[in-house]
Amino acid sequence: MPQLYLFNPGHEMEILCGKSHYTPPYTVQKMVADLELLPVWYGGAGSFTLVRNQKASQFMSSLPKDFRHSLSSPMILNLMMKELYRRKKLGEKPKLPPLTASIWGISPRSIDAFKELKQAGMSIEIPEWKEEYMLLTRRQTSAECLERLQKKMPITPPLKIPEFFSDIKALGKYMAENMPPYVVKTPLSSSGRGLYWIEDDMLDSRTLSWLNGALKKQGTVSVEPALNRIFDFAVEFFSDGNGDVTYAGLSIFETQPQGQFAGCMLGAQEMLLRRLNEFILPEDYMFLVEQVRLVLKEVVGHSYCGYMGVDMFIYKTAEGNYAVHPFVELNLRYTMGLVAMQLSRRFIHPESQGMLRTVSYVYNAYREHKRMQTEAPLVLEGSLMRSGYLSLCPVYPDTRYMAIIDVFG
């Protein structure tokens with residue numbers, strides 16, 4: 001069945017709340033509003049993207065004609081609700097074919113949006129919320145997967161499994177028994193947020209304030225040694241919910257010094273693999289992918305249906321050698337890495353590469369957008385991007401968050 005996509009970044013906090021009536025912080029609401037059209041690029045022709053922006057059609061018309069036949073079609077929520085209720089009142093069936101809801105990240109709140117459409121008369125298959133998703137989304141699952149993985153394959157040097165603490169006293173004891181630096185993480189967070197670096201074995205007032213806030217909100221934190229990370233990448237998978245997990249591809253991404261997501265590389269899979277092979281041999285990478293796939297089959301394969309990504313990184317050991325951390329975090333949702341893969345396959349020239357970035361501006365997003373359009377105009381070769389700048393979502397004077405791509409030969 002055709003898909004109806006919904007972009008809901010920050011769904012981890014919706015899961016933490018556990019209720020459908022959760023109201024996200026303003027910054028998250030603004031991100032959703034500014035970037036809600038992102039699925040038109042990865043959804044593909046014949047699918048639909050659920051949005052609230054009534055100017056969505058104007059934005060689609062502004063895009064290169066060569067792109068439009070490959071894009072998902074916007075479905076404006078309030079207009080669709082009015083049309084469905086009008087037809088329901090007249091006893092008419094909706095014009096749309098039966099649809100399947102496809103959510104960026106499954107949560108009780110996101111499911112409710114589709115239930116409203118179903119109640120209005122739309123024929124739509126909606127994923128079911130399972131309480132086990134709460135646990136599977138938390139970092140405890142990533143720690144379990146890393147532990148299982150170390151039993152399946154040799155990891156050199158061995159990695160210390162993250163430990164979880166519910167009080168600062170126990171965390172302090174861990175720090176006294178292990179060498180700094182450490183990285184502390186909240187169980188639920190995304191895109192490198194919810195992380196805190198501790199450079200020595202002393203808890204200063206700033207660190208204590210962060211820890212107390214994290215424990216109050218989420219009850220526990222994890223801690224592990226901070227490694228000398230030099231190259232970030234992720235392996236993307238798809239789970240059918242019946243026990244089968246398949247490899248979807250490789251994504252390479254950049255992070256800020258404290259781990260926050262900065263952007264994903266665009267380009268053919270062969271090019272990305274060549275970059276990764278500077279640190280890990282091709283046969284070792286495929287062996288790693290297979291072992292991670294088997295772990296995911298065991299842990300989530302029979303529970304979760306959808307895409308997911310496993311963050312990894314290359315780090316430098318104290319001896320100056322390269323080593324791989326094979327399971328930093330499990331993202332049980334669609335990821336920007338998957339978006340970058342779809343963009344690369346459908347819209348980027350095979351001889352070009354680039355970056356997909358999400359950026360935020362307090363005031364100047366519109367001015368920056370106009371500047372980039374002038375300085376790096378879009379160049380197409382056939383129906384593919386050869387070079388230049390493109391915003392994947394509309395940009396207005398009040399826009400704060402942007403999803404942009406820069407392509408170069």
Side-chain angles (χ1 to χ4, degrees), residues 1-11 13-14 17 19-63 65 67-129 306 333-334 366 391-403:
M1 288 190 290
Q3 307 283 308
L4 175 56
Y5 289 89
L6 175 69
F7 181 60
N8 63 321
H11 86 288
M13 294 301 100
E14 297 176 7
C17 174
K19 298 177 182 178
S20 59
H21 61 258
Y22 164 75
T23 301
Y26 169 76
T27 53
V28 176
Q29 294 183 53
K30 183 60 174 166
M31 180 183 290
V32 172
D34 288 347
L35 303 182
E36 64 176 358
L37 274 164
L38 190 62
V40 303
W41 296 94
Y42 64 81
S47 69
F48 300 89
T49 296
L50 191 63
V51 300
R52 297 179 183 274
N53 184 359
Q54 297 194 31
K55 297 180 181 179
S57 297
Q58 296 177 25
F59 171 71
M60 301 297 288
S61 298
S62 72
L63 296 171
K65 290 182 180 180
F67 287 175
R68 296 178 203 167
H69 69 278
S70 300
L71 300 176
S72 174
S73 301
M75 179 187 292
I76 301 171
L77 178 60
N78 65 336
L79 298 182
M80 179 53 62
M81 291 290 288
K82 288 179 181 179
E83 175 65 10
L84 288 170
Y85 277 118
R86 185 188 72 81
R87 288 181 168 273
K88 192 174 184 180
K89 186 175 181 180
L90 296 173
E92 300 176 356
K93 293 183 177 180
K95 285 185 177 180
L96 290 169
L99 302 173
T100 299
S102 184
I103 307 171
W104 179 269
I106 299 174
S107 67
R109 184 173 183 268
S110 62
I111 289 172
D112 268 16
F114 293 100
K115 287 182 177 177
E116 291 180 17
L117 289 166
K118 192 168 187 175
Q119 290 169 358
M122 179 179 287
S123 176
I124 183 166
E125 183 179 310
I126 306 172
E128 177 186 355
W129 172 253
R333 54 174 170 80
Y334 221 93
Y366 186 74
S391 174
L392 300 178
C393 298
V395 182
Y396 306 112
D398 66 342
T399 293
R400 177 170 179 176
Y401 295 93
M402 298 169 61

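Because the structure is a prediction, the values reported are computed rather than measured.
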Short question: side chain of [X], backbone of [Y] - any donor-acceptor pair under 3.5 Å?
X    : Y    : value
W41  : L392 : yes
E36  : R52  : yes
S110 : I106 : no

Point-to-point distance, once rounded to the nearest 0.5 Å, from [atom1] of [X] to [atom2] of [Y]:
X    : Y   : atom1 : atom2 : answer
E14  : T23 : CD    : OG1   : 10.0 Å
L6   : L38 : CG    : CG    : 11.5 Å
S391 : L37 : OG    : CG    : 10.0 Å
M80  : L50 : CE    : CG    : 9.0 Å

At their closest point, which heavy atom of [X] faces which heavy atom of [Y], and how far apart are they?
X    : Y    : value
D34  : C393 : O-CB, 3.5 Å
W104 : N8   : CB-OD1, 3.1 Å
T49  : S72  : OG1-OG, 3.0 Å
S61  : R68  : O-NH2, 2.6 Å

_ring pair (Phe, Tyr, Trp, His ring centres under 6.0 Å) involving Y5 - partner list, sequence neighbours excluded_ = Y42

Residues two or more places apart in sequence or in another chain: which of them pass side-chain contact (heavy atoms from CB on, under 4.5 Å) with [X]?
X    : value
S70  : F347
S73  : F48
P397 : Y366

*asked:* I'd like to know whether N53 forms a side-chain contact (heavy atoms from CB on, under 4.5 Å) with Q58, so could you lay out the CA-CA distance, the side-chain angles of the two residues, the decisive distance to 0.1 Å, and finally the verdict.
replied: CA-CA 10 Å; N53 184 359; Q58 296 177 25; over 6 Å; no

*Determine, stepwise, if the pair M13 / V28 fulfils side-chain contact (heavy atoms from CB on, under 4.5 Å).*
CA-CA 10 Å; M13 294 301 100; V28 176; over 6 Å; no

Below 3.5 Å, can you tabulate the donor-acceptor pairs from side chains in residues 115-128 to any protein atom, sequence neighbours excluded?
none

*Just grab all the salt bridge (Lys or Arg N to Asp or Glu O under 4.0 Å) pairs involving residues 73-88, residues at least two apart or on different chains.*
E83-R86, E83-R87, R87-E92

*asked:* Let's go through H11 and I103 carefully: what are the C-alpha distance in whole Å and the side-chain angles of both, what is the deciding distance for side-chain contact (heavy atoms from CB on, under 4.5 Å) to 0.1 Å, and is it a yes or a no?
replied: CA-CA 10 Å; H11 86 288; I103 307 171; over 6 Å; no

